[in-house]
Amino acid sequence: MSVFSPSPTRPLGSISGLLQVASLLGLVLLLLKAAQLYLCRLWLLKALQEFPLPPSHWIFGHKREFQKDQELQQLMKWVEKFPCACPHWLWGSKVFILVNDPDYMKVIMGRSDPEANDAYRFLAPWIGYGLLLLNGEMWFQHQQMLTPAFHYNILKPYVELMADSVRVMLDKWEKLITQNSFLEVYEHISLMTLDTIMKCAFSHQGSIQLDRNSHSHIQGIEYLNNLVFSRVRNAFYQNDIIHRLTPDGRLTHPACQLAHQHTDQVIRLRKASLQGGELDKIRKKRHLDFLDILLCAKMENGSSLSNEDLRAKVDVFMFEGHDTTASGISWILYALAVHSKHQQRCRDEIQSLLGDAASIIWNHLDQMPYTTMCIKEALGLYPPVPSISRMLSKPITFPDGCSLPKGIRVFLSIYALHHNPTVWPNPENCTGKHFATNKLKVAVALALLCFELSPEPTKVPYPVAGVLLKSRNGIHLLLKKLL
């Protein structure tokens, strides 16, 4: 009688067979994906054939030309060769049309194409899905809800709050220049704009500029800006799972948490101040500030906004209302420091307007035409948001007859437009809205009344593209106190 004993090699053989099947399946999927990318690239090449194409690598695209911190310099070279538009290959089958021409931009901006969310979505862990990342009907609903926060009757008293924040910053500058006349101004301006937004939109009491914890928040926002832009530029960081495993991915979560802690505290403090019937009193007011509108808002089903929705809207406004205007004010002051004749003409206009008045008020803002022109000129040369992107929702034809099909990403370079030599032969000499503009005017006017500005010749700002236009080496100015 023979006893049957199973061979120990059978399980190993089964595992080996499964591995072979898995390997074969993986290879088939890889080949299918490669074929998909190849066909996609062929379609894109055909779709973009009407546009002049700078030489590119079939895998790395134009990455070698656009090295880190060199994007704007390379962009200017392309603008001279391709003044209207040209394809910019990021890698493989990832490409967008770089638009530098005002007539091209006018056609695109006259449509309702959505933002190219494949890039903007990287901001979601930080600022959530607020106005910046919404499209279509949801964007329209949220925009309607928040529009009352920027009514003229709301904005008028903000001018005094803005002026108070600017004066705190200028007092700090006056103390600092006794030690060193050259000062890096961007961080000071960033704290001032954060202080302003906290007072105006979130009913904050006290001064953010005098709070040491605010410095860490500013640095955290700067860090997040760099992390987001680094991810946009890296092909391997596009996948969320892979990105989380990278050093940048592991740093992103705690950086977002730091930003969210600040936002949550703002919301929590305002909610606490509205206890005991105060919220009902606020609802009866004709005009509410930004955060109070959100706290009083009701969704279509009658429920209040969730904590997540509240945070997303506050995060977006905190970012766009503070960091963007900080960039704008810094570059404006630098431009005026470089052009001393125009700086003095602005100062004369402001002094003539204010006379013996203690400070700037709402009615002054529309009575400084030359200063306003210089502000617009500086924002053209140094746009705080250097570019925006759109995904074409339908075919488009440009004034010169060139066309693009649906599904193409277009990249509108505001920086390139204002430095386009075919539009501005000499761009150095060409010439949010109300809330941001008012903040710019108040800050510039009061700074010019207190200081004469000159550039630091050994530390010329080096503009670099990112989520916002920043200077790689900061913005250093020589400040001379005016008597």
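Everything numeric here is computed off the predicted structure, so don't read it as measured data.
A donor and an acceptor atom, one from each side chain of Thr458 and Glu456, are located under 3.5 Å apart. At a cut-off of 3.5 Å, with distance as the only test, a side-chain donor of Asp348 or Gln344 sits close to an acceptor on the other residue. A donor and an acceptor atom, one from each side chain of Asp248 and Thr246, are nowhere located under 3.5 Å apart. Judged purely by distance below 3.5 Å, without hydrogens or angles, the side chains of Ser393 and Arg111 never pair a donor atom with an acceptor atom. With 3.5 Å as the limit, one finds no donor-acceptor pair spanning the side chains of Asn100 and Ser413. At a cut-off of 3.5 Å, with distance as the only test, no side-chain donor of Gln351 or Arg347 sits close to an acceptor on the other residue.
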* Begin with the C-alpha distance, continue with both residues' side-chain angles, and end with the deciding distance and a verdict on side-chain contact (heavy atoms from CB on, under 4.5 Å) for Ile242 and Tyr237. => CA-CA 6 Å; Ile242 294 175; Tyr237 287 5; 5.6 Å; no
* Given Tyr370 and His342, is the side chain to side chain donor-acceptor pair (under 3.5 Å) satisfied, shown in steps? -> CA-CA 9 Å; Tyr370 192 80; His342 299 291; 2.5 Å; yes
* **side-chain contact (heavy atoms from CB on, under 4.5 Å) evaluation trace for His188 with Leu176** => CA-CA 11 Å; His188 294 278; Leu176 289 170; 3.3 Å; yes
* Show the numbers, then the answer: is there a side-chain contact (heavy atoms from CB on, under 4.5 Å) between Val99 and Ile108? => CA-CA 10 Å; Val99 178; Ile108 296 169; 4.0 Å; yes
* Asked: Would Ile360 and Leu365 count as a side-chain contact (heavy atoms from CB on, under 4.5 Å) if you check the C-alpha gap in whole Å, the side-chain angles of each, and the deciding distance to 0.1 Å?
  -> CA-CA 8 Å; Ile360 192 169; Leu365 299 180; 3.9 Å; yes
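By the neighbour-count criterion of 12 heavy atoms within 6.0 Å, atom NZ of Lys481 is densely surrounded, having more than that number from other residues, nucleotides or ligands. The environment of Gln49 atom CD is dense: over 12 non-hydrogen atoms of other residues, nucleotides or ligands sit within 6.0 angstrom. Heavy-atom contacts from other residues, nucleotides or ligands closer than 6.0 Å to CH2 of Trp43 number more than 12. Other residues, nucleotides and ligands contribute only 12 or fewer heavy atoms inside 6.0 Å of the CD atom of Glu160. Sparse packing is recorded around NE2 of His253, with 12 or fewer heavy atoms of other residues, nucleotides or ligands lying under 6.0 Å away.
Side-chain N or O atoms of His62 include one that pairs as donor or acceptor with a backbone N or O of Trp89 at under 3.5 Å. Side-chain N or O atoms of Gln238 include one that pairs as donor or acceptor with a backbone N or O of Arg231 at under 3.5 Å. Although no hydrogens or angles enter the test, the distance criterion places a donor-acceptor pair under 3.5 Å between the side chain of Thr196 and the main chain of Met192. In this structure, Gln209 contributes its side chain and Val168 its backbone to no donor-acceptor pair below 3.5 Å. Formation of a donor-acceptor pair under 3.5 Å by the Gln36 side chain with backbone atoms of Tyr38 is not found in this model. No donor-acceptor distance shorter than 3.5 angstrom exists from the side chain of Ser471 to the backbone of Pro461, with no hydrogens or angles considered. Checking side-chain atoms of Arg250 against main-chain N and O of Leu245 turns up a donor-acceptor pair under 3.5 Å. With hydrogens and angles ignored, the 3.5 Å screen pairs a side-chain donor or acceptor of Glu50 with a backbone N or O of Ser403. One N or O on the side chain of Asn473 and one on the backbone of Val460 form a donor-acceptor pair closer than 3.5 Å. In terms of modelled atom types and a separation under 3.5 Å, the side chain of Glu222 and the main chain of Ile218 share no donor-acceptor contact.
Asp366 has its side chain within reach of Lys441: a pair of non-hydrogen atoms, C-beta onward, lies under 4.5 Å apart. Taking 4.5 Å as the limit, every side-chain heavy atom of Leu478 sits out of range of all side-chain heavy atoms of Ile177. Side chains of Ile332 and Ile375 form a contact here, defined as non-hydrogen atoms less than 4.5 Å apart. At a threshold of 4.5 Å between non-hydrogen side-chain atoms, the residues Met76 and Tyr415 count as touching. In this structure, the side chains of Asp323 and Ser190 come closer than 4.5 Å at one or more pairs of heavy atoms. Inter-residue side-chain proximity for Asn225 and Trp126 is flagged as met; some heavy-atom pair is nearer than 4.5 Å. Between Lys94 and Arg409 the shortest side-chain heavy-atom distance falls below 4.5 Å. Phe82 places none of its side-chain heavy atoms less than 4.5 Å from the side chain of Phe51.
His476 and Phe182 have their aromatic ring centers separated by at least 6.0 angstrom.
Classification of the Phe290-Phe317 ring pair by plane angle, with boundaries at 30° and 60°, yields parallel. Using bins of under 30°, 30° to 60° and over 60° for the plane-to-plane angle, the ring pair Trp78/Phe66 lands in the perpendicular bin. Phe398 and Tyr104 have parallel rings, their planes meeting at less than 30° on a 0 to 90° scale where 60° marks the start of perpendicular. Taking the six-membered ring where the residue is Trp, Tyr334 and Trp331 present perpendicular rings, their angle passing 60° and hence far from 30°.
With rounding to the nearest 0.5 angstrom, the CD atom of Gln70 is 12.5 Å from the CD atom of Glu65. For the atom pair CG (Leu353) and CE (Met368), the distance works out to 5.5 Å, reported to the nearest 0.5 Å. Interatomic distance, Leu90 CG to Lys63 NZ, rounded to the nearest 0.5 Å: 9.0 Å. Atom CG of Leu291 is separated from atom CE of Met318 by 9.0 Å, given to the nearest 0.5 angstrom. Note that the CZ atom of Arg167 and the NZ atom of Lys172 stand 15.5 Å from one another [nearest 0.5 Å]. Going from atom CG of Leu194 over to atom OG of Ser165 covers 9.5 Å, rounded to the nearest 0.5 Å.
Cation-pi contact between Arg233 and Trp91: absent, since separation from the ring centre below 6.0 Å together with deviation from the ring axis within 45° is not met.
The only option from Glu349, Arg345, Lys376 that meets the side chain to side chain donor-acceptor pair (under 3.5 Å) definition with Thr371 turns out to be Glu349.
Nearest heavy atom pair, residue Ser359 against residue His364, reads O-CE1, 3.8 Å. Contact record, Val385 with Thr324: CG2-CG2, 4.1 Å, taken as the closest heavy-atom pair. The minimum heavy-atom distance linking Ser93 with Leu44 is given by the pair O-CD1, 3.1 Å. Smallest separation of non-hydrogen atoms from Leu404 and Ala47: CD2-O, 4.1 Å. In this structure, Leu477 and Pro455 approach most closely via the heavy-atom pair CD2-CA, 4.4 Å. For the residue pair Phe411 and Ser387, the shortest heavy atom distance occurs at CZ-OG, 3.1 Å.
A salt bridge does not link Lys406 with Asp113: none of the charged nitrogens is closer than 4.0 Å to a carboxylate oxygen.
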